Amino acid sequence: MGKINFSGRVAIVTGAGGGLGRTYALELAKRGAKVLVNDFGGSRDGSGGGSSMADAVVEQIKAAGGEAVANYDGVHLREGGENIVRQAVSAFGKVDIVINNAGILRDKSFTKMDESLWDPVLAVHLKGAYNVTQPAFVNMRENGYGRIVVTASGTGLFGNFGQTNYGAAKLGLVGLMNSLRIEGEKYNIKVNALAPVAGTRMTEDIMPPEVFQKLNPEFVTPVVLYLCSETCTDSGRILCAGAGLVQTAFILVNDGAFLGGEPSTPEAVAEHWAKITEQSNLKKLNNVMDQSMEIMKHYS
Ligand code: NAI
């Protein structure tokens with residue numbers, strides 16, 4: 001297989017001033033992409049802000065002979081998303097790739113999870129992906145090409161104590177992907193999700209130092225670059241990646257139990273519980289129509 005190349009491609013990477021996003025921006029530029037490096041520049045909980053993080057990455061790309069522009073908008077704002085896409089189109093003419101990577105954390109156990117912790121986390125991760133991706137999708141549709149990555153997380157897929165806000169936002173992104181991949185299908189726009197594991201400022205105090213050292217973000221970078229490339233023709237995947245291991249997470253259904261053609265009882269549900277929850281004959285459904293077909297096959 002030939003080398004994966006991004007020359008002629010324009011990429012937007014949100015939250016690219018540090019951590020994982022920085023590595024995506026650097027590698028995309030190294031392989032020929034023109035990159036809009038977005039970063040709001042705040043602290044881990046989203047407070048503050050500034051231009052220095054995005055500027056430093058742009059300088060590094062330019063010093064290596066690449067092309068990049070810096071953007072300091074917050075993805076949590078609708079006008080932030082519009083500015084990001086407008087700037088990419090005015091600097092480079094179009095948008096081919098969007099990596100929704102910007103993120104913050106405001107952890108607290110659920111009874112203490114007030115709106116000042118809930119709303120900003122949903123705004124940056126979930127609304128942020130909508131804010132940036134929607135104007136970009138309009139441009140991609142006109143060009144008949146696009147690659148979009150949303151950043152989910154193990155918390156969204158599997159759960160973690162103290163992260164109900166973050167987990168809700170992260171699995172929400174999988175929901176966004178599931179429908180957007182269907183809307184993008186006929187325009188050659190592929191949408192995939194990533195659940196990374198990496199040692200960054202987001203994880204530095206929750207991982208033992210020896211684990212943190214091993215989780216170099218650069219292990220995740222090739223997976224994201226593949227998902228953003230022409231070579232990747234898959235859409236709707238959920239990739240888990242960290243420290244050299246790359247896996248796929250699936251949302252599957254089992255055969256379940258058919259409780260009959262008339263409304264049944266909670267006792268019947270209890271009676272069939274083992275069959276309803278059995279972890280065998282798992283299959284992937286392609287869309288919501290497939291779910292209806294699962295029901296209808298009991299009536300044919
Ligand atoms: P990070 O904190 O180093 O990077 C996040 C970046 O987003 C920061 O540079 C920050 O300034 C920027 N940002 C925050 N709010 C923003 C806003 N409103 N607009 C624009 N930029 C904003 O953390 P890391 O680890 O690199 O995280 C990248 C993504 O990966 C995040 O979405 C995170 O939730 C996700 N993730 C990371 C994991 C890990 O193990 N590091 C695990 C699972 C998911």
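Atoms within each ligand, like the ligands themselves, are counted from 1 in listed order. This is a predicted model, so every value here is computed, not measured.
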With a cut-off of 4.0 Å, which atoms of ligand 1 are near a heavy atom of [X]?
| X | answer |
| --- | --- |
| Val197 | 40 (O) |
| Gly19 | 3 (O), 26 (O) |
| His125 | 32 (O), 34 (O) |
| Tyr166 | 33 (C), 34 (O), 35 (C), 36 (N), 43 (C), 44 (C) |
| Asp73 | 19 (N), 20 (C) |

For [atom], closest protein heavy-atom neighbour:
| atom | value |
| --- | --- |
| atom 21 (N) of ligand 1 | Phe40 N, 3.3 Å |
| atom 41 (N) of ligand 1 | Ala198 O, 3.1 Å |
| atom 31 (C) of ligand 1 | Asn101 O, 3.1 Å |
| atom 6 (C) of ligand 1 | Gly15 O, 3.5 Å |
| atom 42 (C) of ligand 1 | Pro196 O, 3.0 Å |
| atom 22 (C) of ligand 1 | Ala102 CB, 3.6 Å |
| atom 18 (N) of ligand 1 | His76 ND1, 2.9 Å |
| atom 25 (O) of ligand 1 | Thr200 OG1, 2.5 Å |

Please state whether [X] comes within less than 4.0 angstrom of ligand 1, counting heavy atoms only.
| X | answer |
| --- | --- |
| Leu215 | no |
| Ala152 | yes |
| Thr151 | yes |
| Gly46 | no |
| Gly41 | yes |

Apart from Tyr299 itself, which Ile, Leu, Val, Met, Phe, Trp or Tyr residues share its cluster (side-chain heavy atoms under 4.5 Å, direct or through members)?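 Listed partners: Phe258, Ile295, Met296.
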Could [X] and [Y] be called an ion pair, given the rule that one side-chain N must be under 4.0 Å from one carboxylate O?
| X | Y | result |
| --- | --- | --- |
| Glu230 | Arg9 | yes |
| Glu204 | Arg201 | no |
| Lys214 | Glu210 | no |

Suppose we screen for ring-ring contact (aromatic ring centres under 6.0 Å, His included). Which residues come up paired with Phe6, at least two apart in sequence or across chains?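 Partners of Phe6 by the ring-ring contact (aromatic ring centres under 6.0 Å, His included) criterion come out as none, since no residue qualifies.
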Backbone N/O of [Y] and side chain of [X]: donor-acceptor pair under 3.5 Å:
| X | Y | answer |
| --- | --- | --- |
| Asn254 | Leu282 | no |
| Asp45 | Leu105 | no |
| Asn165 | Leu117 | yes |
| Gln213 | Gly199 | no |
| Thr248 | Ile238 | no |
| Thr133 | Ala129 | yes |

For Gly18 versus Asp39, what's the shortest heavy-atom pair and its separation?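 Looks like N-OD2, 4.0 Å.
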Of the non-hydrogen atoms in Ala88 and Leu36, which two are nearest, and what is the gap between them?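 The answer is N-CD1, 3.7 Å.
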Just to be sure I read this right, does ligand 1 sit under 4.0 Å from the backbone of Asn38, its side chain, both, or neither, counting only heavy atoms?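 The side chain, only.
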Under 4.0 Å, heavy atoms only, figure out whether ligand 1 is touched by the backbone of Ile104, its side chain, both or neither.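 Just the side chain.
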Are a donor atom and an acceptor atom from the side chains of Thr155 and Gln163 found within less than 3.5 Å of each other?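 On atom types as modelled, these side chains qualify, holding a pair under 3.5 Å.
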Is there a polar contact, in the sense of an N or O pair closer than 3.5 Å, between [X] and ligand 1?
| X | value |
| --- | --- |
| Met202 | no |
| Asp39 | yes |
| Val75 | yes |
| Leu20 | yes |
| Ser153 | no |

Of the listed options (Arg201, Arg22, Met53, Arg44), which comes nearest to atom 10 (C) of ligand 1 when hydrogens are ignored and any heavy atom counts?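 Shortest heavy-atom distance from atom 10 (C) of ligand 1: Arg201.
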Considering the options Lys275, Lys297, Lys283, which one meets the salt bridge (charged side-chain N to carboxylate O under 4.0 Å, His left out) requirement together with Asp255?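 In the set Lys275, Lys297, Lys283, the residue that makes a salt bridge (charged side-chain N to carboxylate O under 4.0 Å, His left out) with Asp255 is Lys283.
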